[in-house]
Structures are given as structure tokens and as C-alpha cells.
2 protein chains.
Amino acid sequence: MPRPARVSPERILAAAAVEFAAHGYAGAGVDRIARRARVNKAMLYYHFRSKQGLYRALLRDTFGRAADRLRASAATGTTPAEQLDLVIVGIAAFIQQHRHFAAIMLREIAERGAHLDAETLAALAALPRIVAAIIQRGVDEKAFRPVHPLAAYFSMLAPMVMYLAGAPIRERLSAEHFGGGPMLDHDAFVRYIQDSTRRALDLHARPTR
Amino acid sequence: MPRPARVSPERILAAAAVEFAAHGYAGAGVDRIARRARVNKAMLYYHFRSKQGLYRALLRDTFGRAADRLRASAATGTTPAEQLDLVIVGIAAFIQQHRHFAAIMLREIAERGAHLDAETLAALAALPRIVAAIIQRGVDEKAFRPVHPLAAYFSMLAPMVMYLAGAPIRERLSAEHFGGGPMLDHDAFVRYIQDSTRRALDLHARPTR
DNA sequence: GTCTATACTTCGATAGAC
DNA sequence: GTCTATCGAAGTATAGAC
């Protein structure tokens, strides 16, 4: 009895994730979001002030969940190398659980962060910070060679986001242009990223040039 | 004197690249494209049939130029490892010369290739094929360890696209959240991708686990 | 081939009743 | 808090003169 009938905002956010991921900020329709959430459009404007307000609320929520997930993943590891392995599978799992996260990130990058306010930027900044802290510790403990943490961060995050988000295009390509070739499955790709990340940071590997 | 006044289509394509990169397919305004190209809107519809026709013509053109560039880069190398180094700098240079290529690619991935027709897909497929051929040759010559070529392709392309396209967001972040930290410059990042690619493919590196 | 003017549609946002 | 009805802006596309 305490709650009157508050089911709307969560459903609206979920519907907004689908719509913004599918059509982008400009292409998204507030009408479609409301219909998908089984909520009246005026109700949507009542909870969130505008299309922009809804979009930003969604991004803050999504980035916050992602950061929580990465921190939890890292916490279960002991050595920095282990932690990076765990963070990598954590990222992959998060993207799979929030199928629209990747598309939203890709679009926001392409739009030069046009819709990000200071609060959303702060939530986003947590992600590279978590990874950078692990790498820095590895460098300090002489387990990793000294690399720029941001370079390593992009090298593990970007391929996974693009690979997972690019699956639909890849399937059309493999049918028409790479017929019959052995397809790359999800788990194998995640292991490749783990391996190449370890190799990139390995202190003892001989120089390659 | 020979040419009557044919300057339009190229200018339209260039203007469309800016507009589509900045606002996405749905967000792009045909009015703005026409104005930026200093061409009448009706003229634009005369040369290209529709907004979609213009968009596809732009993508085919851009992917075609990228493939030409990669082939030219690879041709100047001798060993597969050398060729990959050259391809990596070729990709980086291409993105810098066509500043909007990265954003358009990112958006198209996010939109699940919704605007790609068969012809555009064929032009896109050339890119992974060029890289895969180099890697396959390296594996055949026992210079590389056997990896899935597509995994390696994504691991070199994705970070560069995302890093270069993400520069605007990164600058806002570094100012507000990573104040004073040593910034990662472009050339250093390209070298990191070259290094990590070599390390990932290195046949003789000891196993890391 | 090039321009002006406009028809037609879609969509974000709000007013106002309940 | 929830709904219906609608306004006003913006945008794609075309008709038709030159």
C-alpha cells in the first residue's frame, strides 16, 4: 500500500534505451518510447522534463551501472593481470546484459559528446579510471611494462564494443562475402582480447623490433 | 572553358560527410547540406535521388577510398609484420584526412547497418579482407602465431577509430576529471597499436598464463 | 541544369480536463 | 498523476518557372 502506482520511470528508461540505441538521439521518437513503455506521452514529460532530460537520465544510469560492475569484477581478482582478465569479461558480460549500451556509446562518441552534461561525464570518467588504477598498480609492482593507461584502456574496450555491436553487419557480410569461413564466436573473441592485453603489458616479452 | 559549371556533386558529398557525421542519418538536414555546399536543395535532389541515395553514395565513396589507401599502404611493405605497421599508419592517416569517416562508421555500426545496401556492404568488406590476407600470409610463413584474422582486425581498427573519434570527449574529460595528467598524443597511440599488434601476433613470445 | 515556392508529414512539447 | 487533443516547428520532397 505504501506506493501509489509507481511503475513508470523504470519502464520508460528501458524503453528509451531500446529506442535511442535503435534510432539515435535525433531519430528517436518520444511517441514510440511512450508507446513501448505503455505510458502516455504527457506522463513521460511529467517524469523527465524533455527528450534531452530523458536521454541524460538514461546515460547516467547506464554508465553508473557499468562502473559498479567493473569495480565488482576487479574486486574479485588479486594480481593486476587477473583483475584485467576479470574486467574484460565483466565488460563483455555487461554489454550482453545491456544490449543497447554499446550502440549508445558508439553514437555518443560519434556525436562528440554533444548530449553529455557534466554529471554524465563524471559517470563516464569512472570507467577509464578503474582500468587505469589496475594498470598503474601493475606498473608500480613491476608486473607490467610502463604503458599509457589510456592506450591500454582503449585497446581492450574498443574492440569488444565494436565487435559486439557490429554483429548484425558481420552476419550480413559473412553470408555474402565470407561464405563458409570459420566464424569467430563470442567467447573466443573475449579470450583473444585477454591474451593480447596480457601480451601488450607483459614486462618480459622481448622487443618486437 | 570546357566544363559548363559542374562543381556540385563533389561539394555536395563533402558537405554531406560533415552533416551526416555531425548529426547522424536521421538528424542530418538536407537543407543544411545544401546550404553548406552552396547548392540549391532541388539541385541536390536532382543529382542524388533522395536523402538515402545521397547517404549511400557518400558511404560507397568513402569506403572505396579507404580500401584503396590500405592496399597502397600494404604494397609498400615486404614482410607481413611490416605491412601491418604500414596498414595501421595508413588507417590513422586516412581517418585524419577524412575526419568524418570515423563518426560515420561508428554510427552505422550502432544502427546495425540499417542504411547499407549490397553495394555498400561489398565496399566495406574489402577492408577486413585486406588485413586478413596479410595476417594469413604471416601465419602461412610461420611469422605469426595462428589467430583469427577478424579478431586481429578489430583489435587494430577499433581502438584507433574510437580513440580518434573520441578526442572531443576526452578533452572535456581531461580538463574536468584528469586534470594535469600526461595526455596521450596521436603518434604515441598509433605506435602503441603497432606494438601491441606485433606482440599479439608474435610467434615466439612465451605463453602468458 | 538551376532556382522559388510550397505541399505534406512527422515530431517535440503543452494546455487543460479529470 | 493521468489522459486527449492540438499547436507550432522542422524537414523531406516536388511542382513548375526559367
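The sequence lines fix the lettering, A, B, ..., with proteins before strands; numbering per chain opens at 1.
Atom C1' of nucleotide C:dC3 and atom NE2 of B:H47 are separated by 13 Å, given to the nearest angstrom. We find that CG of B:N40 is positioned 13 Å from C1' of D:dG16, with the value rounded to whole Å. The nearest whole Å value for the distance from the CD1 atom in B:I12 to the P atom in C:dT2 is 9 Å. The nearest whole Å value for the distance from the CZ atom in B:R11 to the P atom in C:dG1 is 15 Å. Atom C1' of nucleotide C:dT4 and atom OH of B:Y46 are separated by 18 Å, given to the nearest angstrom. Between the CZ atom of A:F48 and the C1' atom of C:dA13 there is a distance of 16 Å, rounded to whole Å. Regarding B:M43, its CE atom lies at a distance of 16 Å from the P atom of D:dA13, rounded to whole Å. Following rounding to the nearest Å, B:L44 (CG) and C:dG1 (P) show an atom-to-atom distance of 15 Å.
Residues satisfying the side-chain hydrogen bond (donor to acceptor under 3.5 Å, both in side chains) criterion with A:Q83, sequence neighbours excluded, are A:R137. The salt bridge (Lys or Arg N to Asp or Glu O under 4.0 Å) check on A:E108 picks up nothing, with sequence neighbours excluded. For the salt bridge (Lys or Arg N to Asp or Glu O under 4.0 Å) test, residues two or more places apart in sequence or in another chain that qualify with B:D61 are B:R65. The salt bridge (Lys or Arg N to Asp or Glu O under 4.0 Å) search around A:R36 returns none, not counting sequence neighbours.
Contacts between residues 111-120 of chain A and DNA chain C, counted as heavy-atom distances below 4.0 Å, involve no residue at all.
Distance CD1/B:I95 to CD/B:Q97: 11.0 Å, rounded to 0.5 Å. The CG atom of B:D195 lies 9.0 Å from the OH atom of B:Y192; values are rounded to the nearest 0.5 Å.
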Below 3.5 Å is the cut-off: list the nitrogen or oxygen pairs between protein and nucleotides 10-12 of chain C, distance only.
unit_1	atom_1	unit_2	atom_2	d
C:dG12	OP1	A:A28	O	2.6
C:dG12	OP1	A:K51	NZ	3.2
C:dG12	OP2	A:V30	N	2.9

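Counting only residues at least two apart or in different chains, salt bridge (charged side-chain N to carboxylate O under 4.0 Å, His left out) contacts with residues 155-175 of chain A are absent.
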Which pairs of donor and acceptor atoms, one on a side chain in residues 150-165 of chain A, lie under 3.5 Å apart (sequence neighbours left out)?
unit_1	atom_1	unit_2	atom_2	d
A:S155	OG	A:A151	O	2.9
A:Y163	OH	A:L184	O	2.6

Solution key, residues 75-82 of chain B side-chain donor-acceptor pairs under 3.5 Å, sequence neighbours excluded:
unit_1	atom_1	unit_2	atom_2	d
B:T76	OG1	B:S73	O	2.8
B:T78	OG1	B:E82	OE1	2.4
B:T79	OG1	B:E82	N	3.1
B:E82	OE1	B:T78	N	3.0
B:E82	OE1	B:T79	N	3.3

